[in-house]
Amino acid sequence: MNIALIFAGGTGSRMNTKSRPKQFLELHGKPIIIYTLEKFENHNLIDGIVVVCLKSWIPYLESLLKKYNITKVTSIVSGGVTGQDSIYNGLCEVEKKYPSDSLVLIHDGVRPLIDEDTITENITCAQLHGNAITVAPAIETITIKENKNEVGKIIDRSKCQLAKAPQTFVLEDIIAIHRRSQKDNYTLAIDSASLVSHYGYRLYTVVCPNENIKITTPADFFMFRAFMDAKENSQIFC
């Protein structure tokens, strides 16, 4: 089975919004999290969805699922102290409901521009190799930071990629790695790819379009709006 694990537990501190977390901000009357969930809801290879959400916002999310007829969500669980803890909470819920050999597509709730092909390619790659990490080519110069505001080594951009999402793993593998990290008290992973890489696993990539952005700042939100408006206009004027 193919299960989407959607992480919507952030508070949106970099979005400068005080009224609601960034995943519940609206574009054209629809919350960002719903745009994201619809991509997995409408994909014919996704069998179920588990969402990790801020505890106080779970009732509101439940109301949104009904309003927008999102039927594949089987559970909403509360997040943990860190992102790593929150993903583990979600994985434990997936483990309760689905077979251990299921593929889990771990995705950000504020990454709504994910496309159907990237989801399909994640599943295909993980079926073949045991995992799939979505990446996009680096399109700007990357430097190593040095002291005193000096530019250090400049990295060959052609060899660099930006890790994005989904990040897909076999359920029994990724949950075992999380439990190993808890035993080791390793809490420095910034995402699932870095956690798995820390333990020496080989990771395989799926290239996605650069517009698969994570909406973290106000500028990201304006980019999201521009992409959606452009898509809408292309349908009108094509």
Side-chain angles (χ1 to χ4, degrees), residues 1-9 23 33-53 58 61-62 64-66 68-80 83-135 163-182 189 191-193 195-197 199 201-208 212:
M1 303 187 78
N2 304 312
I3 311 303
L5 175 56
I6 308 299
F7 173 60
Q23 56 270 28
I33 183 65
I34 295 299
Y35 283 99
T36 304
L37 288 171
E38 285 178 338
K39 296 298 180 67
F40 292 90
E41 172 78 18
N42 296 329
H43 198 291
N44 62 359
L45 295 180
I46 297 298
D47 300 297
I49 304 171
V50 170
V51 183
V52 181
C53 182
I58 289 177
L61 178 55
E62 290 174 337
L64 292 177
L65 298 181
K66 293 178 181 178
Y68 291 97
N69 195 31
I70 305 296
T71 62
K72 288 185 180 178
V73 173
T74 57
S75 296
I76 305 173
V77 298
S78 60
Q84 191 172 328
D85 291 336
S86 296
I87 295 300
Y88 178 69
N89 288 356
L91 288 170
C92 288
E93 185 65 19
V94 175
E95 186 181 44
K96 292 177 184 177
K97 290 183 172 291
Y98 299 101
S100 62
D101 61 352
S102 298
L103 294 180
V104 183
L105 291 82
I106 302 173
H107 191 71
D108 304 301
V110 288
R111 204 181 283 273
L113 293 170
I114 180 67
D115 64 305
E116 180 180 350
D117 288 344
T118 300
I119 295 173
T120 301
E121 290 169 15
N122 261 260
I123 293 170
T124 301
C125 180
Q127 288 173 334
L128 183 62
H129 297 294
N131 61 66
I133 307 301
T134 303
V135 299
K164 292 179 175 280
Q167 298 182 354
T168 303
F169 306 91
V170 178
L171 173 58
E172 60 186 349
D173 294 342
I174 186 64
I175 202 165
I177 291 170
H178 270 267
R179 287 170 177 155
R180 181 178 176 185
S181 71
Q182 291 179 345
D191 63 4
S192 299
L195 177 62
V196 173
S197 178
Y199 285 104
Y201 287 80
R202 181 174 294 179
L203 299 174
Y204 296 85
T205 60
V206 167
V207 178
C208 72
N212 181 19

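Given the structure is predicted, the values throughout are model-derived calculations rather than measurements. Start at 1 with the first residue, then count along the sequence.
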Practice problem: For residues V51 and A8, report the shortest heavy-atom separation together with the two atoms involved. | Solution: CG1-CB, 4.3 Å
Under the side chain to side chain donor-acceptor pair (under 3.5 Å) test, which residues partner [X], sequence neighbours left out?
{"X": "N2", "result": "none"}
{"X": "E121", "result": "none"}
{"X": "Y201", "result": "none"}
{"X": "D85", "result": "T82"}

Self-check item: Contact list for residues 43-52, test side chain to side chain donor-acceptor pair (under 3.5 Å), sequence neighbours left out
Solution: H43-T120
Taking [X] for its side chain and [Y] for its backbone only, find out whether a donor-acceptor pair lies under 3.5 Å.
{"X": "K72", "Y": "I49", "value": "no"}
{"X": "E41", "Y": "I70", "value": "no"}
{"X": "Q167", "Y": "A193", "value": "yes"}
{"X": "N212", "Y": "C208", "value": "no"}

Self-check item: With sequence neighbours excluded, residues passing side chain to side chain contact (heavy atoms under 4.5 Å, CB included) with T205
Solution: V135, Q161
Quiz item: Can you name the side chain to side chain contact (heavy atoms under 4.5 Å, CB included) partners of A126, sequence neighbours left out?
Solution: L103, A132, T168
Quiz item: So, N89 versus S86: side-chain donor-acceptor pair below 3.5 Å or not?
Solution: no
Quiz item: In chain order, what residues pass the salt bridge (charged side-chain N to carboxylate O under 4.0 Å, His left out) check against E38, with sequence neighbours excluded?
Solution: K30
Quiz item: Partners of F169 by ring pair (Phe, Tyr, Trp, His ring centres under 6.0 Å), sequence neighbours excluded?
Solution: none
Quiz prompt | Counterpart residues, ring pair (Phe, Tyr, Trp, His ring centres under 6.0 Å), relative to Y204 (two or more places apart) | solution = H129
Exercise. Please collect all salt bridge (Lys or Arg N to Asp or Glu O under 4.0 Å) contacts where either partner lies in residues 89-98, sequence neighbours excluded, each pair once.
Key: E93-K96, E95-R179
Do [X] and [Y] make a side-chain contact, defined as non-hydrogen atoms from C-beta onward lying under 4.5 Å apart?
{"X": "T118", "Y": "T134", "answer": "yes"}
{"X": "V50", "Y": "I76", "answer": "no"}
{"X": "C53", "Y": "V77", "answer": "no"}
{"X": "L105", "Y": "I123", "answer": "yes"}

Quiz prompt | Qualifying ring-ring contact (aromatic ring centres under 6.0 Å, His included) pairs, either residue in residues 94-127, two or more places apart | solution = F40-H107
